[in-house]
**Student:** 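One structure, pasted below without further comment.
Just so we're on the same page: letters track the sequence lines, and every chain starts at 1.
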Amino acid sequence: MGDDIFRVLSPTAILGYGFPEESFQKGIEKKPHLIAVDAGSTDPGPYYLGAGISFTSKAAVKRDLGLIVKAAVATSIPCIIGSAGGCGARPHVNWTEGIIREIASENGLSFRMAVIYADIAKTTVQKAVDQDRIDPLSPALPVTTHEIEKCVRIVAQMGAEPVSKALDMGCQIILCGRCYDPVPFAAPAIKMGFQPGLAYHMGKILECAAIAASPGSGRDCVMGTLFGNHFELEALNEKRRFTRVSTAAHTMYEKSDPYFLPGPGGTLDLSETTFAEIDGGRVRVSGSQFHPSDKYTVKLEGVKSVGFRTISICGIRDPVLIRCLGTVFDEIKTEIMSEYDCTGNILFHVYGKNGVMGTLEPEKDAVCHELGVVIEVVADAQEQADGLCARIRSMLLHHSYPGRISTAGNLALLYSPSDISCGEVFEFNIYHLMSVDDPVSEFPIEIREVTP
Amino acid sequence: MNEIPLTELASVIRSKNSGPFELTLDILFHREKEYTSIKETGFFTKELISRIYGIPADRIIKIIHFDPAWAVKITLMRPVASGAVGDSDVYGAQQHAPLLGLTIPLDKMTGGGDEGKEALS
């Protein structure tokens, strides 16, 4: 180990969520060995991977990256960006690269950058299926040739190895496609010989930045310092501090098992981890271990297109209609199936009656005095979805029901135009582990000499 | 009164996706004493979660007590995958409400009712 400690500055929870410049400056003054930031999540759903666009705006990402890249180049601190563009597929990586090039050009910056892609070809996944190297992460999702063929886009979460290789190639900025969230924060430290268990655990907390502090925020900077046998976390804004509970609570956030966190090449084991508060609003964490697995696996994420969506939003205040609304919906569905030459998936989301929890709702019979209704249609083409939604909206508006005294119209339509074309609809259909012989070869690294 | 609302004992009750196919519920307790009592008496069971969410017990993947955060984590299979047609909560962030109505019998607290009452004061 060349150095006894390794400081990592995490500016924000998601690239594009923002951070105060003062917190970031305070972090830079502490001379970090690395600036790392996570840009990704599957939380916003399958659309962004399918459509190849970011769930954050260009202006917001450019603002954050502008501050980060300028500071990194000025101080020669390496900078690693994980899961570029949110989903980390080629269009997302290229979009982020374009923003970095704009920043370089506008600020007269030159640097060597690695771009690491994480797209996985369908043929690669099919080959893995044929060789029995694929395991589903959900029992609901067996992998079949049919499903692979329907995939629009597949990415794999890279581990630390491709990032280490890019560091070996002398790159100052490393722009990663989809990666395991802690990797951008942990890879350089693991390469230097720090304990991977501590490095990954610190990365797992830093990837959400100040969300793990108290009070939590997705838009503020924190610093992690890795030592030989522990790591320490500190907030970079005097309004926040790390506490034992905030750190431990964050460790379990968004994970199904807080003790064992599987990742590329092994499992992070937190069963012996201890969290201790030290001075200055800091927390010291020790005991986290990493157990390499027999087979090196990467997590695959893939989506398929299931059609095009159109919605119409309206409200219902009439108590007579509210009482028989379920029957009215059934009648309209039956009527449209019999008379309309168009197929599509028709859904009525009723806010005020199980709209949020659906089948999980325990208070199924509770009734509000007013209901919000979203009419949703998913069909094979946008025009088809638009037509079917318009038909259902007009039928619902004028449908007759027993005891009706409000004969002018059943719906308070929210907008004109009343129907909204939402575009293509995607669903996750690949969420599997794939074992690989080489942790690097699926993730091609391209070197860019960026100049103004 | 011999039942304590869970909302009085917990500082955080939340739900969130754990990947697109799972939903994970976290309950973080204010005090170690009450967390330990609830853990030791096994209040959170698959049967309880099955009843309040109206799902078969085999849809509940695991219930884990996490000592460092004085927390209980319950992970369920999502009825519909995140963002799939028919899903109504893409981030899974509003599925915690059935937990808010839970009450814990004082005799579930280690050492009997009096000690449980004392822990509240």
**Student:** Considering only heavy atoms and a distance below 4.5 Å, find which of B:Ser18, B:Ser11, B:Gly83 pairs most often with chain A.
**Tutor:**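 Winner by heavy-atom pair count: B:Ser18.
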**Student:** Most heavy-atom pairs under 4.5 angstrom with chain A, which of B:Asp26, B:Asp89, B:Ile55?
**Tutor:**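 Heavy-atom pairs under 4.5 Å are most numerous for B:Asp26.
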**Student:** If you look at every heavy atom in A:Phe428 and B:Pro20, which pair is closest and at what distance?
**Tutor:**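 Smallest interatomic distance, heavy atoms only, reads CD1-CB, 3.5 Å.
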**Student:** So for B:Pro68, is it side chain, backbone, both, or neither that comes closer than 4.5 Å to the heavy atoms of chain A?
**Tutor:**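 Both backbone and side chain of B:Pro68 come within 4.5 Å of chain A.
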**Student:** Please state whether the side chain, the backbone, both or neither of B:Gln95 comes within less than 4.5 Å of a heavy atom of chain A.
**Tutor:**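 Interface part for B:Gln95: both.
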**Student:** Are any of the side-chain heavy atoms of A:Asp43 and B:Lys16 separated by less than 4.5 Å?
**Tutor:**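 In short, these two side chains touch, coming nearer than 4.5 Å.
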**Student:** May I ask you to name which of A:Ala249, A:Gly358, A:Pro44, A:Ser246 has the most heavy-atom pairs under 4.5 Å with chain B?
**Tutor:**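 Top count of heavy-atom pairs under 4.5 Å with chain B: A:Pro44.
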**Student:** Between CG of B:Asp87 and CD of A:Glu427, what distance do you get to the nearest 0.5 Å?
**Tutor:**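 Going from CG on B:Asp87 over to CD on A:Glu427, the span is 9.5 Å.
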**Student:** Side chain, backbone, both or neither: which part of A:Glu376 has an atom under 4.5 Å from a heavy atom of chain B?
**Tutor:**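 Interface part for A:Glu376: side chain.
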**Student:** By a 4.5 Å heavy-atom criterion (distance strictly below it), what part of B:His65 contacts chain A: side chain, backbone, both, or neither?
**Tutor:**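 Just its backbone gets close to chain A.
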**Student:** Quick one: what part of A:Thr251 sits under 4.5 Å from any heavy atom of chain B, side chain, backbone, both or neither?
**Tutor:**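 For A:Thr251, the contact with chain B is made by the side chain alone.
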**Student:** Using a cut-off of under 4.5 Å for heavy-atom pairs, which of B:Arg14, B:Gln94, B:Glu22 has the most such pairs with chain A?
**Tutor:**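 Result: the option with the highest number of such pairs is B:Arg14.
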**Student:** Measuring heavy-atom distances to chain B, does A:Phe275 have an atom under 4.5 Å in its side chain, in its backbone, in both, or in neither?
**Tutor:**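 Only the side chain of A:Phe275 comes within 4.5 Å of chain B.
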**Student:** Is it the side chain or the backbone of B:Ile61 that comes within 4.5 Å of chain A heavy atoms, both, or neither?
**Tutor:**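 Neither part.
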**Student:** When heavy-atom pairs shorter than 4.5 Å are enumerated against chain A, which of B:Leu28, B:Leu76, B:Val85, B:Ile52 gives the highest number?
**Tutor:**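 Of the options given, most contacts go to B:Val85.
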**Student:** Taking side chain as everything from C-beta outward and backbone as N, CA, C, O, which of these in A:Leu347 sits under 4.5 Å from a heavy atom of chain B? Side chain, backbone, both or neither.
**Tutor:**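 Side chain only.
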**Student:** Quick one: does B:Lys73's side chain have a donor or acceptor within less than 3.5 Å of a partner on A:Pro258's backbone?
**Tutor:**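 Pair absent, no side-chain N/O of B:Lys73 close to backbone of A:Pro258.
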**Student:** In Å and rounded to the nearest 0.5 Å, what is the CZ to OG distance from B:Phe21 to A:Ser256?
**Tutor:**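 If I round to the nearest 0.5 Å, the distance is 13.5 Å.
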**Student:** Within the 4.5 Å heavy-atom criterion, are B:Asp67 and A:Tyr259 side-chain neighbours or not?
**Tutor:**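 When only atoms from C-beta onward are counted, A:Tyr259 and B:Asp67 do touch, with a gap below 4.5 Å.
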**Student:** Which answer fits B:Ala84, side chain, backbone, both or neither, if we ask what part of it has an atom under 4.5 Å from a heavy atom of chain A?
**Tutor:**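 When you check distances to chain A, atoms from both the backbone and side chain of B:Ala84 fall under 4.5 Å.
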**Student:** How many angstroms lie between NE2 in B:His96 and CG in A:Leu360, if you round to the nearest 0.5 Å?
**Tutor:**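 Those atoms lie 13.0 Å apart.
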**Student:** Name the member of B:Pro98, B:Gly19, B:Ala93, B:Gly54 that forms the most heavy-atom pairs with chain A at distances under 4.5 Å.
**Tutor:**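 Counting heavy-atom pairs under 4.5 Å, the top option is B:Pro98.
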**Student:** Quick check on B:Ile74 against chain A: is it the side chain, the backbone, both or neither that has a heavy atom closer than 4.5 Å?
**Tutor:**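 Contact with chain A involves no heavy atom of B:Ile74 at all.
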**Student:** Name the region of A:Val425, side chain, backbone, both or neither, that has any atom closer than 4.5 Å to a heavy atom of chain B.
**Tutor:**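 For A:Val425, side-chain heavy atoms alone lie under 4.5 Å from chain B.
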**Student:** Please flag which part of A:Tyr47 lies under 4.5 Å from any non-hydrogen atom of chain B: side chain, backbone, both or neither.
**Tutor:**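 No part of A:Tyr47 comes within 4.5 Å of chain B.
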**Student:** What part of B:Ser88 gets closer than 4.5 Å to chain A, counting heavy atoms only: side chain, backbone, both or neither?
**Tutor:**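 For B:Ser88, heavy atoms of backbone and side chain both lie under 4.5 Å from chain A.
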**Student:** Counting heavy-atom pairs under 4.5 Å to chain B, which of A:Ser271, A:Pro46, A:Gly45, A:Gly307 comes out on top?
**Tutor:**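 Ranked by heavy-atom pairs under 4.5 Å with chain B, first place is A:Pro46.
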**Student:** Heavy-atom cut-off 4.5 Å, strictly under: side chain, backbone, both or neither for B:Thr24 against chain A?
**Tutor:**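 Looking at B:Thr24, just its side chain touches chain A.
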